Amino acid sequence: TSPFAWLRTRFYYLLIRLYFDQEFSIEEFTRGAKQAFSVVSKLLSQRKLDLLDELVLAEVLQVLKEKISLLPDNHRDALAADIDAIMYTTEGDVRIYYDDDGTKFVSILMRFWYLNGANLPDEVPGETKVFQIVFGDESTKEKRHLLTANYEFQREFTEGAKPDWTITRIEHPRLLE
């Protein structure tokens, strides 16, 4: 990321700690976001969207139901990310905003890069073949793809609101389009 973006996000983290949640830690948030990403991506892959009601915004779930029903099996398999297969995570954007009623929100976009062994065709644009793992002899090779996903997490900080983060956007480029 650019130095300006890095400074901007650090400034927002400071504002979150000062005005919304004195216990907020980006390291702890990132650990939770990785875990949520892994769980949600696996449930999407398994078409178990009914188990995501408490984690994902209802409007997002409705769009996902339509998209996932049209996916070929290999693309659906590529959605799943084991937590140990997440290679890199970074925050993309942090926003603090208020609606017309004075409700306070914080939104953090997280970007994930993960390895997946789904049987994707070589011509899938936007993904990168990272390496092939050889188990045993040279004739047994397992292909891995480096895929990306963007998940946006939102939390309401109005007094009396539940202290839960909700996923308000899910993007798996080239897979869920």
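Worth knowing before you read on, the calculation uses all heavy atoms, side chains too, and leaves out hydrogens, waters and symmetry mates. Just so you know, these numbers come straight off a predicted model, no measurement behind them.
Scored by the side chain to side chain donor-acceptor pair (under 3.5 Å) test, Asp82 finds Lys42 as partners (sequence neighbours excluded). Applying the salt bridge (Lys or Arg N to Asp or Glu O under 4.0 Å) test to Arg169 and every residue at least two apart in sequence or in another chain returns Glu171. Applying the side chain to side chain donor-acceptor pair (under 3.5 Å) criterion to Glu23, with sequence neighbours excluded, gives no partner residue.
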Can Ile16 and Val94 be said to form a side-chain contact (heavy atoms from CB on, under 4.5 Å), step by step? CA-CA 10 Å; Ile16 293 168; Val94 179; 4.2 Å; yes
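Membership of an apolar cluster is not assigned to Leu109, as no side-chain contact below 4.5 Å to another ILVMFWY residue is traced.
Residue pairs meeting the side chain to side chain donor-acceptor pair (under 3.5 Å) criterion with at least one partner in residues 55-73, sequence neighbours excluded, are Asp73-Arg76.
Arg95 is listed as a side-chain neighbour of Glu152, based on a closest heavy-atom distance under 4.5 Å. Two residues are said to be in side-chain contact when any heavy atoms from C-beta on lie closer than 4.5 Å; Leu44 and Gln46 fail this criterion. For the pair Phe153 and Thr166, the minimum side-chain heavy-atom distance is 4.5 Å or more.
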Would you tabulate the side-chain donor-acceptor contacts of residues 50-58 under 3.5 Å, counting partners in other chains and residues two or more places apart, or write 'none'?
none

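Between Arg10 and Glu91 there is a salt bridge, since a side-chain N of the basic residue sits under 4.0 Å from a carboxylate O of the acidic one.
When Tyr88, Phe37, Tyr151 are each tested for a ring-ring contact (aromatic ring centres under 6.0 Å, His included) with Tyr114, only one passes: Phe37.
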